[in-house]
**Q** 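The structure follows.
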Amino acid sequence: DQQVKQNSPSLSVQEGRISILNCDYTNSMFDYFLWYKKYPAEGPTFLISISSIKDKNEDGRFTVFLNKSAKHLSLHIVPSQPGDSAVYFCAASEIDGQNFVFGPGTRLSVLP
Amino acid sequence: EPEVTQTPSHQVTQMGQEVILRCVPISNHLYFYWYRQILGQKVEFLVSFYNNEISEKSEIFDDQFSVERPDGSNFTLKIRSTKLEDSAMYFCAARRAASTDTQYFGPGTRLTVL
């Protein structure tokens, strides 16, 4: 039962270009979404979040878009840098939820 | 960024042995979590802990698992009798209060059960 899906296990992008990471969810009770970045041998690091009352949130090079009707969100990284190479996890939580449900992750490789 | 620390970084144990994984959350954080990630798989929720009791747990968190915060500082995950399939990275996370608050993760403990 995959409540949070990231259908692309990997993505390669040229440095300077846009990286678009996608995430789909099935639970309509999810109300809050986060993106985490994970380097090897480290814990997930918070990147950016969005709640369902918004459809876009921007923080520097990172923008998250939420389409609630389609149960879809995406993370845009512009411009992509080699240091962005990591595994990116989408995570979702219900209103007042205690825990986050994580997607399987997408490995982003930014090529110099 | 606030720092959650975990010890040990790597634990190797024999099947059937008990292990205790330790986490030192951020001091003003009130909610604590354990997650695990089996190699090559997604991060899975195990348990959440607030006010010295479990507030939510997943199906993975069976009777072999327990959590406590014995000294008000360290937050521990105990696996009573380890199985081979318990081999994974175990991440501790903490957040301040509101459900929309960010969870800050520790670096993880790699548990290897032989």
Side-chain angles (χ1 to χ4, degrees), chain A residues 1-10 21 23-27 29-54 57 59-60 62 64 66 86-107, chain B residues 1-7 9-10 21 23-26 29-51 53-61 67 88-110:
Chain A
D1 175 27
Q2 281 196 57
Q3 295 189 73
V4 179
K5 304 175 190 180
Q6 292 176 258
N7 292 324
S8 297
S10 63
L21 299 118
C23 177
D24 297 283
Y25 60 96
T26 58
N27 186 347
M29 297 299 292
F30 285 148
D31 187 67
Y32 188 63
F33 307 88
L34 297 94
W35 283 93
Y36 282 92
K37 177 171 71 172
K38 186 180 178 305
Y39 294 115
E42 293 184 16
T45 303
F46 170 75
L47 206 55
I48 193 169
S49 65
I50 190 166
S51 71
S52 62
I53 60 173
K54 301 175 82 171
N57 189 24
D59 183 2
F62 302 94
V64 56
L66 174 63
V87 178
Y88 288 77
F89 291 97
C90 168
S93 171
E94 296 183 15
I95 297 172
D96 296 327
Q98 287 288 326
N99 65 287
F100 285 95
V101 179
F102 282 76
T106 296
R107 180 176 300 280
Chain B
E1 183 174 291
E3 189 176 308
V4 175
T5 57
Q6 290 185 242
T7 57
S9 57
H10 191 188
L21 311 182
C23 170
V24 181
I26 305 155
H29 282 56
L30 303 175
Y31 293 81
F32 311 108
Y33 306 82
W34 283 101
Y35 291 84
R36 79 171 185 192
Q37 185 181 27
I38 295 171
L39 185 65
Q41 299 185 24
K42 63 181 180 179
V43 178
E44 300 173 292
F45 167 75
L46 293 179
V47 66
S48 58
F49 190 84
Y50 170 70
N51 201 25
E53 56 184 36
I54 291 173
S55 45
E56 194 170 355
K57 60 182 181 179
S58 72
E59 293 175 352
I60 303 167
F61 195 87
V67 289
M89 284 290 292
Y90 287 80
F91 295 104
C92 169
R95 70 175 169 86
R96 280 195 303 258
S99 59
T100 52
D101 248 359
T102 302
Q103 291 188 12
Y104 293 95
F105 282 78
T109 293
R110 178 172 298 285

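Labels below follow one simple rule: chain letters A, B, ... track the order of the sequence lines, proteins then strands, and each chain is numbered from 1. None of the values given here were measured: they were computed from a predicted structure.
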**Q** Counting only heavy atoms closer than 4.5 Å, note whether A:Tyr39 contacts chain B via side chain, backbone, both or neither.
**A**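 No part of A:Tyr39 comes within 4.5 Å of chain B.
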**Q** Please work out whether the ring planes of A:Phe89 and A:Phe102 are parallel, tilted or perpendicular, with thresholds of 30° and 60°.
**A** perpendicular
**Q** Any idea how A:Tyr36 and B:Phe105 line up, ring-wise: parallel (<30°), tilted (30 to 60°), or perpendicular (>60°)?
**A** perpendicular
**Q** Under the side chain to side chain contact (heavy atoms under 4.5 Å, CB included) rule, what do B:Trp34 and B:Phe61 come out as? Steps first, then yes or no, please.
**A** CA-CA 10 Å; B:Trp34 283 101; B:Phe61 195 87; over 6 Å; no
**Q** Taking side chain as everything from C-beta outward and backbone as N, CA, C, O, which of these in B:Gln6 sits under 4.5 Å from a heavy atom of chain A? Side chain, backbone, both or neither.
**A**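 Looking at B:Gln6, nothing touches chain A.
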**Q** Please identify, among B:Pro107, B:Gly40, B:Ala93, the residue contributing the most non-hydrogen atom pairs under 4.5 Å to chain A.
**A**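 Most pairs with chain A among the choices: B:Pro107.
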**Q** Specify the closest pair of heavy atoms between B:Arg96 and B:Tyr31, including all atoms of both residues, with the distance to one decimal.
**A** O-CD1, 3.6 Å
